[in-house]
Amino acid sequence: MKKILTVVGARPQFVKAAVISRLLRSETWKGLATERLIHTGQHYDANMSEVFFSEMRIPKPDVNLGIGGGGHGAMTGEMLARLETELVSYKPDIVLIYGDTNSTLAGALAASKLHMAVAHVEAGLRSRDKGMPEEQNRIVADHLSTWLLCPTEAALANLKREGIEDCKGLAPSSDRPRVSKVGDVMLDASLFYRGIAAMRSPAERLFPKLGLQGKFRLLTLHRAENTDDAVRLAAIFDSLNKATDLPIVFPVHPRTRKMLEASSIETGKHIIILDPIGYLDMLDLEASCDCVITDSGGVQKEAYFFGKPCITVRDTTEWVETVESGWNQLVGTEGEEIRRALTAPRPKSERDPLYGSGEAAALILEAILGQA
Ligand code: UD1
Ligand code: UDP
């Protein structure tokens, strides 16, 4: 029986871990591995954390380290020290990490300094912008991992460019890693939970309560490069405040709310401001909206899953295939670009199965437990 220690801490990691943690406890896998779930506490508000555990039925974390807020260095450093203690005590065979947050980085560093094998879900993504904290975290995590579980062909190619290739036939280690394309666990999550979201009664759902009569746009924004720069944030809202032809539903990340308030940035009356919402309500909105405007990594992909055109308010993206397919427009914060994107015709191209077929979680467990 293999011992897996999973590190999560931020909202997108709860979504990704939900599918794998559930599968690990299924009849197929429960005899092969046990999982200890550590929540770093990076996201701590009930609507940024607890709601995901309850409505997605994610097992309650075995430990919550309660390390949220503060600077990147202090946060990551504290996580590193506390995770080290957890790892020394549990002695896992595999440390499972997700994505590109500070919790991902701390998990990768803590494990590799103890010579423990790291499995990185969502390996190989690159925006080619090392100014982004996420890009720094991804690069370090990938270079320390033993299992690199890539969602896309582009991710495999990025790793190859950095000298990381599959060392099939050799004992897996961070120097001789196993690299595989498994698809995207966020697709698994979206397919599984959209049925659950749809089965809820109207009283349980946010969407009917919004009173929307017709088409609407869905907006999320939280990236440091947009929110920490008041001029950039104001430029984004300058464009969106003029897009009054449709309502915009905007569940606001706490970081963004703070920055909007601190910079006294006004949002138009057609922008419906909400607190962060749960995943099931988010799926409802993604399924029903006319288009998505976002700087989120996960939401760009979910727009593609739902066949909704996406406007990405960033200069770069790691989800390059959504842009190449024509379903995602990368617009930066230029008013003219945003306006052009809002009036662009709906993409005509078919949506290829760029992110697999919803079996990424099973392929990930086969990769790490089949060869552990
Ligand atoms: C983090 C990740 C980012 C990911 C995002 C998902 C890093 C470097 N960034 O960004 O990659 O896309 O999560 O949402 O790891 N806050 C609250 N309550 C919370 C959580 C955060 O008030 O529950 C506020 C605090 O002021 C905090 C700020 O948001 O200081 C930023 O939180 P942090 O976790 O540092 O980064 P995110 O912007 O959430
Ligand atoms: N999400 C959510 N409620 C919200 C905003 C986002 O459930 O109010 C979900 C979204 O559907 C996706 C995940 O959170 O599954 C993405 O997280 P986020 O945008 O915070 O992070 P990123 O993917 O950019 O790292």
Side-chain angles (χ1 to χ4, degrees), residues 5-18 20 36-45 47-50 52-53 58 61-87 92 95-114 116 118-145 148-149 174 185-186 220-229 253-259 276 295-299 314 316 318:
L5 185 142
T6 298
V7 179
V8 293
R11 174 166 75 182
Q13 293 165 332
F14 309 142
V15 174
K16 293 164 201 171
I20 294 194
R36 184 168 172 81
L37 190 61
I38 309 268
H39 187 329
T40 62
Q42 180 169 350
H43 285 174
Y44 47 87
D45 292 343
N47 55 20
M48 294 291 289
S49 174
E50 199 189 306
F52 295 88
F53 286 84
I58 306 171
D62 294 285
V63 181
N64 187 323
L65 302 176
I67 306 164
H72 286 237
M75 183 199 290
T76 313
E78 209 180 323
M79 287 175 188
L80 181 56
R82 297 283 303 282
L83 284 172
E84 183 171 71
T85 308
E86 293 294 330
L87 293 174
V95 177
L96 185 56
I97 56 171
Y98 292 92
D100 53 20
T101 72
N102 290 341
S103 300
T104 316
L105 174 65
L109 278 173
S112 58
K113 286 192 179 294
L114 292 167
M116 290 173 179
V118 175
H120 185 201
V121 174
E122 231 178 54
L125 277 297
R126 296 291 182 270
S127 64
R128 314 229 183 291
D129 175 4
K130 286 192 191 135
M132 286 178 72
E134 293 84 3
E135 185 81 346
Q136 302 158 7
N137 295 342
R138 292 175 196 127
I139 292 172
V140 177
D142 283 341
H143 283 257
L144 296 177
S145 290
L148 294 106
L149 304 148
S174 49
V185 281
M186 290 193 82
T220 79
L221 274 181
H222 71 275
R223 288 281 154 198
E225 69 258 33
N226 286 334
T227 56
D228 290 2
D229 181 341
H253 189 291
R255 168 189 209 116
T256 314
R257 188 181 283 273
K258 251 179 232 173
M259 296 303 179
D295 61 7
S296 157
V299 176
R314 283 174 49 185
T316 59
E318 50 288 353

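- For P92, the side chain to side chain contact (heavy atoms under 4.5 Å, CB included) criterion is met by L5, L87, Y90, V95, M116, not counting sequence neighbours.
- Counting heavy atoms from C-beta outward, E78 and L65 have side chains that stay 4.5 Å or more apart.
- For the pair S103 and V7, the tightest heavy-atom approach, listed with the atom from each and the gap, is O-CG1, 3.7 Å.
- Between I97 and A141, the shortest heavy-atom distance links the atoms CD1-CB, 4.0 Å.
- Qualifying salt bridge (charged side-chain N to carboxylate O under 4.0 Å, His left out) partners for E134, counting only residues two or more places apart in sequence or in other chains: R223.
- Here the closest non-hydrogen pair linking G99 and H120 is O-NE2, 2.7 Å.
- The backbone N or O of K130 sits less than 3.5 Å from a side-chain atom of Q136, completing a donor-acceptor pair.
- Of all non-hydrogen atoms in T40 and G9, the two that sit nearest each other are OG1-CA, 3.3 Å.
- Using a 30° and 60° split on the angle between ring planes, F53 and H39 fall in the parallel class, below 30°.
- Side chain of S145 to backbone of A119: no donor-acceptor contact under 3.5 angstrom is found.
- D295 pairs in a side chain to side chain donor-acceptor pair (under 3.5 Å) with only one of the listed residues (T227, N226, T220), which is N226.
- Here T6 pairs with I4, V8, E35, L37, L96, Y98 under the side chain to side chain contact (heavy atoms under 4.5 Å, CB included) rule; sequence neighbours left out.
- Between E225 and R314 a salt bridge is recorded (basic side-chain N to carboxylate O distance below 4.0 Å).
- Rounded to the nearest 0.5 angstrom, R126 CZ and D100 CG are separated by 10.0 Å.
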* Show your reasoning for whether side chain to side chain contact (heavy atoms under 4.5 Å, CB included) applies to R138 and E122. => CA-CA 9 Å; R138 292 175 196 127; E122 231 178 54; over 6 Å; no
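- Between A106 and T76, the shortest heavy-atom contact is CB-O, 4.0 Å.
- The distance from atom OG1 of T101 to atom CE of M75, rounded to the nearest 0.5 Å, is 8.5 Å.
- Just one residue in the list I20, V121, V185 forms a side chain to side chain contact (heavy atoms under 4.5 Å, CB included) with L149, and that residue is V121.
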* Report the C-alpha distance between Q42 and I67 in whole Å, list the side-chain angles of each, state the deciding distance to 0.1 Å, and finish with yes or no for side chain to side chain contact (heavy atoms under 4.5 Å, CB included). => CA-CA 6 Å; Q42 180 169 350; I67 306 164; over 6 Å; no
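- Every residue meeting the side chain to side chain contact (heavy atoms under 4.5 Å, CB included) condition with R257, not counting sequence neighbours, appears here in chain and number order: V252, E261, I273, D275.
- In this structure, the side chains of D45 and P276 stay at 4.5 Å or more apart for every pair of heavy atoms.
- Under a 3.5 Å cut-off, the side chain of E135 and the backbone N or O of R128 do form a donor-acceptor pair.
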* Stepwise side chain to side chain contact (heavy atoms under 4.5 Å, CB included) check, L125 with D142 -> CA-CA 9 Å; L125 277 297; D142 283 341; over 6 Å; no
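- Donor-acceptor pairing under 3.5 Å is recorded for the side chains of T104 and Q13.
- To the nearest 0.5 Å, the span separating CZ on F14 from CD on E50 amounts to 11.0 Å.
- Side-chain contact between L114 and E84 is present, with at least one heavy-atom pair separated by less than 4.5 Å.
- A search for salt bridge (charged side-chain N to carboxylate O under 4.0 Å, His left out) contacts involving R11 returns nothing, not counting sequence neighbours.
- Looking at every heavy atom in both residues, I58 comes nearest to A18 through CG1-CB, 3.7 Å.
- The shortest side-chain heavy-atom distance between M132 and N137 does not fall under the 4.5 Å cut-off.
- H253 is linked by a ring pair (Phe, Tyr, Trp, His ring centres under 6.0 Å) to H43, H222, counting only residues two or more places apart in sequence or in another chain.
- When side chains are defined from C-beta on, L144 does not count as touching S174, because their heavy atoms never get closer than 4.5 Å.
- Checked by atom type and distance alone, the side chain of D129 pairs as donor or acceptor with a backbone atom of G131 at under 3.5 Å.
- Side-chain atoms of S127 and E318 include no donor-acceptor pair closer than 3.5 Å.
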